[in-house]
Amino acid sequence: MSHPSLNRRGFLTLGAATAASLPMGTLAAPAPGAPLTILHLTDIHLRPEHDAPSRCRKILRAIRQKHRDINLVVNTGDSIYAADYKNITRERVEEQWKLWDEVVVAELKGLPMLHTVGNHDPWWAAPEGDPMRGIPYVCKRLGIAEPYGHTKQGGWEIITLENSGGSLGKPQQDWLFQKLDSLPKSAPLLLAGHLPLLSLAGDYDGGNMGGAKAVIDKLAAREAPVVALSGHIHIQSSEALWNIRFHCNGALSGSWWEPGDRKDGSYKRTPMGYALLKLWPDGRSECRYLPLPA
């Protein structure tokens, strides 16, 4: 989602990526029959302004204290405030990722995390060939081998997508369809990406993924339940279509840590917050968006 004070840029496309399982760390497995409990964070947009580092640190500490049954964290991108605009300097990019390490990585230490890339995370103003340019550097900072991949936990297949450029692109979509064909049709699936495949929030404010119909049709052909998790819009909405539940959750940063439309950090009536997702081995799921106190 573009910042309200900046003009929307055209999306950049991503070339072919190699499929890889993402590092999970040490997963605290749920008890037999118990759900996998996932903390969904999105659009953290960490920045030095507006006391964001201190506020974010307090929020994450409170989340960990309140929810001691978290097995996995899924971060669906826009981890830093912005690296994608032409006026962003190398020093500004480094400053934001340093805050990411000092706040988010430090406060969530010990919890396994999966990440997707947000459209504001890559620094495109870097010269061609610069090691800080584009998506590979974001992957390096997030500690992931590839920008999209597959793993499995708690009886669920988990796929992370790289759709920060607005769509998947043919190489990634071919990989995704081949991967889906190779998975057991009876296995429930969690699909996570920055942009929603489908959301009323995106219909209202713009930002759903382009070319999503083909992906949705492929997911709908599966026998088992599918949960599609996303952010980007900063507006929470949940929809169900056939066997698929779509959850576009609100931003932890709300209105980019700024006062917002209700002076409490809300963005277009969605308060700052996070989501807890519970996935049962039999395919049942529950997603609760939890607004932060004003």
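- Applying the salt bridge (Lys or Arg N to Asp or Glu O under 4.0 Å) test to pairs two or more places apart or on separate chains, those with a residue in residues 123-132 are Arg90-Asp130, Glu128-Arg133.
- Classification of Glu95 and Lys98 as a salt-bridged pair fails, no side-chain N sitting under 4.0 Å from a carboxylate O.
- Ala251 approaches Asp43 most closely through the heavy-atom pair CB-CB, 3.5 Å.
- Ala275 and Asn249 get closest at one heavy-atom pair: CB-ND2, 3.3 Å.
- Cys248 places none of its side-chain heavy atoms less than 4.5 Å from the side chain of Ile235.
- Side chains of Ser79 and Asn75: a donor on one and an acceptor on the other come within 3.5 Å.
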Worksheet item: Would Lys152 and Glu157 count as a salt bridge (charged side-chain N to carboxylate O under 4.0 Å, His left out) if you check the C-alpha gap in whole Å, the side-chain angles of each, and the deciding distance to 0.1 Å?
Response: CA-CA 4 Å; Lys152 58 195 306 181; Glu157 306 289 342; 3.3 Å; yes
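- Residues Ile158 and Leu72 have side chains in contact (heavy-atom distance under 4.5 Å, counting atoms from C-beta outward).
- Distance check, rounded to the nearest 0.5 Å: CG of Leu176 to CD of Gln172 gives 7.0 Å.
- The backbone N or O of Trp124 lies less than 3.5 Å from no partner atom in the side chain of Asp84, so there is not a single donor-acceptor pair.
- A distance of 9.0 Å separates CE of Met272 from OG of Ser266, quoted to the nearest 0.5 Å.
- Between Ile70 and Arg64, every side-chain heavy-atom pair lies at or beyond the 4.5 Å cut-off.
- The minimum heavy-atom distance between Ala224 and Pro188, with the atom names listed, is CB-N, 3.7 Å.
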Do Asp217 and Lys213 pass the side chain to side chain contact (heavy atoms under 4.5 Å, CB included) test, and can you show the C-alpha distance, the side-chain angles, and the key distance before you say yes or no? CA-CA 6 Å; Asp217 286 342; Lys213 185 178 184 298; 3.1 Å; yes
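- Thr151 is listed as a side-chain neighbour of Leu114, based on a closest heavy-atom distance under 4.5 Å.
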List the steps and the verdict of side chain to side chain contact (heavy atoms under 4.5 Å, CB included) for Thr116 and Tyr148. CA-CA 7 Å; Thr116 69; Tyr148 57 87; over 6 Å; no
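- At least one side-chain heavy atom of Trp175 sits under 4.5 Å from a side-chain heavy atom of Ile159.
- Remark: the backbone N or O of Leu219 is paired with a side-chain donor or acceptor of Asn243 at under 3.5 angstrom.
- No side-chain donor-acceptor contact under 3.5 Å links Glu162 to the backbone of Leu168.
- Shortest non-hydrogen contact noted between Ala34 and Pro281 is O-CD, 3.7 Å.
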Between Leu189 and Val227, is a side chain to side chain contact (heavy atoms under 4.5 Å, CB included) present by the stated rule, with each step listed?
CA-CA 6 Å; Leu189 170 69; Val227 172; over 6 Å; no
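- Between Ile244 and Ala220, the shortest heavy-atom distance links the atoms CD1-N, 3.9 Å.
- The pair Lys278-Asp69 meets the salt-bridge criterion, with a side-chain N (NZ, NE, NH1 or NH2) lying under 4.0 Å from an Asp/Glu carboxylate O.
- Distance CZ/Arg245 to CG/Leu229: 13.5 Å, rounded to 0.5 Å.
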Exercise for review: Would you check, one step at a time, whether the test salt bridge (charged side-chain N to carboxylate O under 4.0 Å, His left out) holds for Arg284 with Glu286?
Suggested key: CA-CA 7 Å; Arg284 288 176 296 136; Glu286 172 188 281; over 6 Å; no
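- If you check the side chains of Asp205 and Tyr267, you find a donor sitting under 3.5 Å from an acceptor.
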- Given ring pair (Phe, Tyr, Trp, His ring centres under 6.0 Å), test His234 with Trp256 step by step and report yes or no. CA-CA 9 Å; His234 291 224; Trp256 296 269; 4.2 Å; yes
Could you list the donor-acceptor pairs under 3.5 angstrom formed by side chains in residues 194-201, with sequence neighbours left out?
from: His194; atom 1: ND1; to: Thr76; atom 2: O; distance (Å): 2.7
from: His194; atom 1: NE2; to: Asp78; atom 2: OD2; distance (Å): 3.3
from: His194; atom 1: NE2; to: Asn119; atom 2: OD1; distance (Å): 3.0
from: His194; atom 1: NE2; to: His232; atom 2: ND1; distance (Å): 3.1
from: Ser199; atom 1: OG; to: Gly202; atom 2: N; distance (Å): 2.8
from: Ser199; atom 1: OG; to: Asn208; atom 2: OD1; distance (Å): 2.7

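- Between the side chain of Trp257 and the main chain of Ile44, a donor-acceptor pair closer than 3.5 Å is present.
- In this structure Ser182 satisfies the side-chain contact (heavy atoms from CB on, under 4.5 Å) test together with Lys179, sequence neighbours excluded.
- Legend: residues meeting ring-ring contact (aromatic ring centres under 6.0 Å, His included) with Phe246, ordered by chain and number and at least two apart, are absent.
- In this structure, the separation between CG on Asp121 and NE2 on His45 is 8.0 Å, given to the nearest 0.5 Å.
- Considering only residues two or more places apart in sequence or on other chains, Arg57 meets the salt bridge (charged side-chain N to carboxylate O under 4.0 Å, His left out) condition with Glu107.
- The CZ atom of Arg262 sits 11.5 Å away from the OG atom of Ser255 when rounded to the nearest 0.5 Å.
- Proximity of Thr270 to Gln236: side-chain heavy atoms (C-beta onward) are separated by under 4.5 Å at one or more points.
- In the hydrophobic cluster analysis, where Ile, Leu, Val, Met, Phe, Trp and Tyr join through side-chain heavy atoms closer than 4.5 angstrom, Tyr289 is grouped apart from Leu279.
- Counting heavy atoms from C-beta on, the side chains of Trp242 and Ile216 come closer than 4.5 Å.
- A donor-acceptor contact shorter than 3.5 Å links the side chain of Thr160 to the backbone of Gly149.
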### Query
How far apart are the C-alpha atoms of Arg141 and Asp101, what are their side-chain angles, what is the distance that settles it, and do they pass the salt bridge (charged side-chain N to carboxylate O under 4.0 Å, His left out) test?
CA-CA 9 Å; Arg141 297 309 303 247; Asp101 291 339; 2.7 Å; yes
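- Legend: residues meeting salt bridge (charged side-chain N to carboxylate O under 4.0 Å, His left out) with Arg47, ordered by chain and number and at least two apart, are Glu49, Glu258.
- Using a 4.5 Å heavy-atom threshold, the side chains of Pro35 and Asn71 count as separate.
- Between the NZ atom of Lys58 and the CD1 atom of Ile63 there is a distance of 14.5 Å, given to the nearest 0.5 Å.
- Side chain to side chain, Tyr274 and His67 meet the donor-acceptor criterion of an N or O pair below 3.5 Å.
- Close placement of the His120 and Tyr85 rings is indicated, their centers lying within 6.0 Å of each other.
- Here the side chain of Arg222 pairs a donor or acceptor atom with the backbone of Ala187 at under 3.5 angstrom.
- Each of Thr42, Leu46, Leu292 was checked for a side-chain contact (heavy atoms from CB on, under 4.5 Å) with Leu252, and the lone residue meeting it is Leu292.
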Item checked: Criterion side chain to side chain contact (heavy atoms under 4.5 Å, CB included) on Ile80 and Val138, from CA distance to verdict -> CA-CA 10 Å; Ile80 60 172; Val138 178; over 6 Å; no
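- Pairing each heavy atom of Pro147 with each of Ile135, the nearest pair is CB-CG2, 3.8 Å.
- At a threshold of 4.5 Å between side-chain heavy atoms, the hydrophobic network of Ile, Leu, Val, Met, Phe, Trp and Tyr places Trp280 and Leu190 in two separate groups.
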